[in-house]
Amino acid sequence: MSKYHFNDIEDKWQKYWAENGTFHANNKSEKPKFYVLDMFPYPSGAGLHVGHPLGYIASDIYARYKRHKGFNVLHPMGYDSFGLPAEQYAIQTGQHPRRTTEENIKRYRKQLDKMGFSFDWSREVRTSNPNYYKWTQWIFIQLFESWYCKEHEKAYPISELIKIFVEEGNVAINKACQIETETFTAGEWNSFSEKRKEGILLQYRLTYLAETEVNWCPELGTVLANDEIVNGVSERGGYPVVRKKMMQWSMRITAYAQRLLDGLDKIDWPQPLKDTQTNWIGRSEGATVRFEIDGHDGKIEVFTTRPDTIFGVSFMTLAPEHELVDRVTTMEQRFEVSKYIEATSKRSERERMADVKSISGVFTGAYALHPFTGDRIPIWIGDYVLAGYGTGAVMSVPSGDQRDYDFAKHFEIPIPNIFEGVDISEEAFADKEKTIITNSDFLNGLNYKDATKRVIEALEQKQVGEGKINYRLRDAVFSRQRYWGEPFPVYYRDGMPQMIDVEHLPLTLPQVEKYLPTETGEPPLGRADEWAWDTKKNSVVPNHKIDHETVFPLELNTMPGWAGSSCYMFRYMDPNNEEELASKVAMRYWENVDLYLGGSEHATGHLLYSRFWVKFMFDRGYLLVEEPVKKLINQGMILGESAFVHRLEGENKLISAGKIKGQDLQPIHADVSFVNTSNELDIEAFKKWRPDFENAEFVTEDDGSFKVTREVEKMSKSKYNVVNPDDICERYGADTLRMYEMFLGPLEQAKPWNTAGITGVHSFLKKFWKLYHSGKEGGFAVDDSKPSKGSLKTLHKTIKKVEEDIEAFSFNTSVSTFMIAVNELTTQNCKSREILEPLTILISPYAPHVAEEIWNLLGHSESISTAPFPVYDQDHLVESSKEYPVSFNGKMRFKLELPLDLDKGEIEAAVMAHEKTAQYLDGRTPKKIIVVPGKIINIVG
RNA sequence: GCUGAAGUGGUGGAAUUGGUAGACACGUUGGACUUAAAAUCCAAUGGCCAUUAUGGCCGUGCGGGUUCAAGUCCCGCCUUCAGUACCA
């Protein structure tokens, strides 16, 4: 075999790896462990395009490298197989989502196998598999059975909370944990009915049922989380979203806000991603203040980050949805107010967001009382105040906040100045650092920091407010009105949710006729005939048996997409365990993910929820670590280069790119497979694909070719710019694909795919192959000859560089290093086993198939994966002497031939002794000479 | 608006701590082999000027600064991309 027949080699080794279980990780090993994980894919019907495997290739390179380095590597893969597309396909075709999902998974697996990844497939998990989602349901039950103690910043079993209620009521615990519910004594608690007790406990559980205002998407017939909405429309499909009140399961992620923030310091994640999570959590320090209402027993509570400006308050503003609006509005203003509230409620979220500039509001006629001066402060309603943040009410300080300022100007409300030496005639003054408070009684003359401290003390003393930390983070709605998701292990007795006993899990999805919501607006599970829970038999029974004594209705909602992906990384450690999510032994060994690769789009979804669940599981002792992932890398997206032909507006005439000059044109996507690397369109293929252009006139270039224009867009089927990895593997081989994807540019950067450049990497692999096959008649020729000094240097230079590059995830530059090495060794006609064997190991993480084949030809019976990584030997990098360039005023002046065994001082002395050197052009003498071995000598003046 | 990242040849991109800018690859041009094409190999390739070999000047988005020395550090701008957005 003298030619590089990549297809044969790849088939052979993929088969060998599968048969020998080469990449099976063992839970018991003397070696140190290393856990490399990819974000598992949703198996979509479109299959993989060349963009998808980028991260998998990078993680695979790292996994193989770590194996060479002597680690026991866990590198699993699975499928996030619950999801909306399969359900929508089911709605259209009536086919069960399980079936389409399984078909898609088969296709994915085939494509992944073709690329030669070193996944341990024996550990595969699928979120839609009952053996797996049993554990998702189990975690849900644990969350239900837990509450969060703010005082200790930790989750505890709900039984401990009940004990506290029985013994001392909830006054103390509410105060300590900053929970605001009705208070009761121990005696009262004990006299409550079971139902009432359950209702109270529900307000403390980490997952709870509550009527919440949710983002309802009528088109999708479901509720969406904040991170599933982009620009006011659904992320999937782009449908409008409206606010609606519904009874929903929620996750009390807000309990963990501070710990989620603190944990970021301990993990090695990209700074932009950490910043996104920090912003999302949105911690702000300030105070709550309670304003009494004149002639009314209610109080308006506000949150402010600027309590120091409290003497600048000239009005209060409530969100239109605020519960006090109705109660405080005076008779005179009632008409105006209801008119305003109706108008704002009609405006969709999207309009409200788009229209930030226009100011609207209405006076309620009521007045609040200033906590210190007792002044009457008018209470207004304005839609610039959001119901969902803080308390939904603000104390408006027009001199210190631009929005308050604009509102006051618009409605001609006074703007008292409380800042010393500041002109507020044009705009508000919001610079905390330069603030000196004036016209403010006991705060006069103080800066922001001192004034804040003083005013909080005063508020607390008068019991009208206190210092408070507020978070932007909202509790996560956990219910979805869908079929293709995890069913809740929940039935309802007397309207109160009850958990199904853990030993009767999983609760599996029932059959339904259609996957649409019911006519009455219930979720698809409302269509199931058999969806009731028999508490005696502990099994699902037909709905007509519901008697509310022993048989109860089951929850109709299913869980959201992120439920299954929050703890899956732990299931890989022990995927077939029937008793636990994973055994303690396995978890103690694998700890958590050492390296996680995936896209940055999961910053505020999966990655935040996962951290939340893991912290909870840690609190309750089910997990031994507090963070799921130690190091995370966001790979950049590979974009597509779409091709466009241009049609003359209103005519059946297509204009080649070079003939476009200012005509009215309509760009039309052309499939990129009809376009060659010089942007020439295959007109016949295009006509066949779009028969509507069969008779179109093609205005070509002068040479008769028809050219398209190119544009970089997201790679997608609908843009006809998808490049299929199978085709690339067929034509150039998986090794070429893998190396080329790495060579394309820095891993973390978004970059367009361009097949044209692939020949460079492909010819490198051919050269690499030829390095071993240049014997007589092209036979395999490696010998035991002593390597030349040059070859040794090439090898050790390569080891050093490649090792550094892999550790820094600069996979693109290490491919260049290989190219240089192979070129040099070819020039040197190197045949020495001492060089070529380690070189093979170096390349194997990038080009595993060809390396494995060569390794085999070199006479090894074991797979190359277990070979030890070559050790770099500095001695071989250094020659006996070297010509040193000497730099001088930044420009190279001359070169000096010096032996290399000199130390720095000796080299400096040698340079100083050289009479021409020791002077600058202006005659000054350098004070110091800096020697950088192997590179340059610097003279410092 | 806020936060973050980034601006280097025709193109993708290298450049370790401030130390020969443009590695490596694509593309382009020329050459070898071939009846021819493909494949392969060799050479040139930032710009401008000079050319008898040796050379010279400019050059990392723009304007300043620090330094013997700046793509890299500092100050002030411009542009692009991403995230987020009435968060009190």
Side-chain angles (χ1 to χ4, degrees), chain A residues 3 230-231 270-280 282-284 286 302-307 309 317 319 352-353 355-359 382-386 388-397 400-404 406-407 430 470-473 600-601 603-604 634 636-637 677-678 740 743-746 748-764 766-767 770 800-801 804-805 808 810 812-820 823 826 885-893 895 920-922 924 926-932 935-941:
Chain A
K3 224 183 140 200
V230 179
N231 295 329
Q271 196 56 42
L273 200 152
K274 285 188 184 182
D275 290 344
T276 305
Q277 289 207 345
T278 305
N279 288 337
W280 192 260
R283 177 193 156 105
S284 51
V302 301
F303 172 75
T304 177
T305 53
R306 294 297 304 272
T309 64
T317 316
R352 211 161 136 176
M353 258 160 50
D355 182 26
V356 172
K357 288 276 171 287
S358 74
I359 295 158
D383 72 353
Y384 79 96
V385 178
L386 303 176
Y389 182 77
T391 60
V394 299
M395 57 173 227
S396 300
V397 183
D401 182 284
Q402 194 56 43
R403 290 157 305 173
D404 295 344
D406 295 341
F407 194 89
N470 202 41
Y471 298 91
R472 199 193 77 121
L473 186 70
S600 57
E601 67 273 18
T604 55
N634 292 127
M637 210 188 318
T677 50
S678 346
Y740 184 56
F743 187 67
L744 226 42
E748 277 142 302
Q749 196 177 299
K751 50 216 168 253
W753 175 268
N754 178 4
T755 308
I758 204 167
T759 53
V761 170
H762 188 57
S763 66
F764 158 73
K766 284 196 271 191
K767 279 182 214 162
K770 264 172 78 175
K800 184 167 190 275
K801 183 75 166 50
E804 283 166 359
D805 283 344
S810 304
N812 54 331
T813 52
S814 47
V815 176
S816 302
T817 308
F818 289 136
M819 291 179 177
I820 295 166
N823 278 337
T826 304
V886 176
S887 94
F888 196 80
N889 275 3
K891 283 166 195 167
M892 204 177 73
R893 286 285 123 183
K895 291 176 179 178
Y920 289 115
L921 290 174
D922 61 9
R924 286 180 299 141
K927 285 179 192 151
K928 196 182 165 197
I929 295 177
I930 296 172
V931 178
V932 183
K935 201 154 190 186
I936 196 162
I937 297 172
N938 305 298
I939 302 171
V940 175

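A quick note: this is a predicted structure, and the numbers were derived from the prediction, not measured.
- Nearest nucleotide to the side chain of A/Asn812, out of B/A14, B/U84, B/C86: B/A14.
- Pairing for B/G55 is with B/C49, a Watson-Crick or G-U wobble pair whose two hydrogen-bonding atom distances lie under 3.5 Å.
- Pairing of B/U60, defined by two Watson-Crick or G-U wobble distances under 3.5 Å, is not identified with any nucleotide.
- Proximity of A/Tyr389 to the phosphate of B/A88: a side-chain N or O atom is located under 4.0 Å from OP1 or OP2.
- When distances run from any side-chain atom of A/Thr813 to the nucleotides B/A25, B/C86, B/A14, the shortest one goes to B/A14.
- Taking each heavy atom of A/Arg306 and A/Met395 in turn, the nearest pair found is O-CE, 3.7 Å.
- For the P atom pair drawn from B/A39 and B/U80, the interatomic distance equals 41 Å after rounding to whole Å.
- B/U72 and B/C49 are spaced 30 Å apart, taking the C1' atom of each and rounding to whole Å.
- Spacing of P atoms, B/G4 relative to B/C73, comes out at 16 Å, to the nearest Å.
- A/Lys770 is not listed as a side-chain neighbour of A/Thr826, based on a closest heavy-atom distance of 4.5 Å or more.
- Taking atom NZ on A/Lys751 and atom C1' on B/G12, their separation rounds to 11 Å, with Å as the unit.
- Using a 4.5 Å cut-off on side-chain heavy atoms (C-beta onward), A/Val761 and A/Met819 make contact.
- Taking a pair to require two hydrogen-bonding distances under 3.5 Å in either a Watson-Crick or a G-U wobble arrangement, B/C33 remains unpaired.
- Nucleotide B/G4 is matched to B/C81 when pairs are restricted to Watson-Crick or G-U wobble geometry with both distances under 3.5 angstrom.
- B/G12 and B/G18 are spaced 27 Å apart, taking the P atom of each and rounding to whole Å.
- With B/A23, B/C86, B/A14 as the choices, the nucleotide that has an atom nearest any side-chain atom of A/Ile820 turns out to be B/A23.
- The shortest distance between side-chain heavy atoms of A/Phe764 and A/Tyr740 does not fall below 4.5 Å.
- Checking the phosphate oxygens (OP1, OP2) of B/A88, no side-chain nitrogen or oxygen of A/Gln402 falls inside 4.0 Å.
- Regarding the sugar-base torsion, B/G10 falls in the anti class, its angle being beyond 90° of 0.
- Remark on RNA chain B: of its neighbouring residues A/Ser763 and A/Gly388, the 5'-side contact belongs to A/Ser763, judged by nearest-heavy-atom nucleotide.
- The nearest whole Å value for the distance from the CE atom in A/Met819 to the C1' atom in B/C24 is 7 Å.
- In this structure, A/Ala603 and A/Leu273 approach most closely via the heavy-atom pair CB-CG, 4.1 Å.
- Annotation: side chain of A/Ile359 is not in contact with side chain of A/Tyr384 (no heavy-atom distance under 4.5 Å).
- Residue A/Gln271 is classed as having no contact, given no heavy-atom separation below 4.0 Å to the nucleic acid.
- Contact annotation: A/Arg472 side-chain N/O to B/U84 OP1/OP2 distance is not under 4.0 Å.
- If you check B/U17 for Watson-Crick or wobble pairing at under 3.5 angstrom, you find it has no partner at all.
- Look at OH on A/Tyr740: it is 7 Å from C1' on B/G12, rounded to the nearest Å.
- Heavy-atom nearest nucleotides on RNA chain B were determined for A/Pro272 and for A/Gly390, and the one closer to the 5' end corresponds to A/Pro272.
- Atom pair A/Lys767:NZ and B/C24:P shows a separation of 11 Å (rounding to whole Å applied).
- Among the heavy atoms of the strands, none lies under 4.0 Å from A/Pro752.
- For A/Ser396 against A/Asp404, the heavy-atom pair with the smallest separation is CA-OD2, 3.3 Å.
- Counting any heavy atom pair closer than 4.0 Å across all strands shown, A/Asp404 reaches no nucleic acid atom.
- Here B/A5 presents its P atom at 19 Å from CE of A/Met637, a figure rounded to the nearest Å.
- Nucleotide B/C24 forms a Watson-Crick or G-U wobble pair with B/G12, both donor-acceptor distances falling under 3.5 Å.
- Listed pair A/Asn279 / B/G83 fails the phosphate criterion, with no side-chain N or O lying under 4.0 Å from OP1 or OP2.
- Using N1 to N3 plus N6-O4 or O6-N4 for Watson-Crick, or N1-O2 and O6-N3 for G-U wobble, each under 3.5 Å, B/C73 pairs with B/G65.
- Considering only the side chain of A/Phe743, B/C24 comes nearest among B/G83, B/A88, B/C24.
- Separation of the P atoms belonging to B/C24 and B/G56 is 24 Å when rounded to the nearest angstrom.
- The listed nucleotides are B/U84, B/A88, B/U3; the one nearest the side chain of A/Trp280 is B/U84.
- Computed from coordinates, the A/Glu601 CD to B/C81 P distance equals 19 Å when rounded to whole Å.
- Atom C1' of nucleotide B/G10 and atom CG of A/Asn754 are separated by 13 Å, given to the nearest angstrom.
- B/C75 and B/U66: their C1' atoms are spaced 11 Å apart (whole Å).
- Taking atom CZ on A/Phe818 and atom P on B/A14, their separation rounds to 17 Å, with Å as the unit.
- Expressed to the nearest 0.5 Å, how far NZ of A/Lys800 lies from OG1 of A/Thr817 amounts to 11.5 Å.
- With B/A14, B/A23, B/A88 as the choices, the nucleotide that has an atom nearest any side-chain atom of A/Val385 turns out to be B/A88.
- With both ends at atom P, the span from B/C42 to B/C26 equals 12 Å, rounded to whole Å.
- Taking the P atoms as reference points, B/U28 lies 22 Å from B/C33, given to the whole Å.
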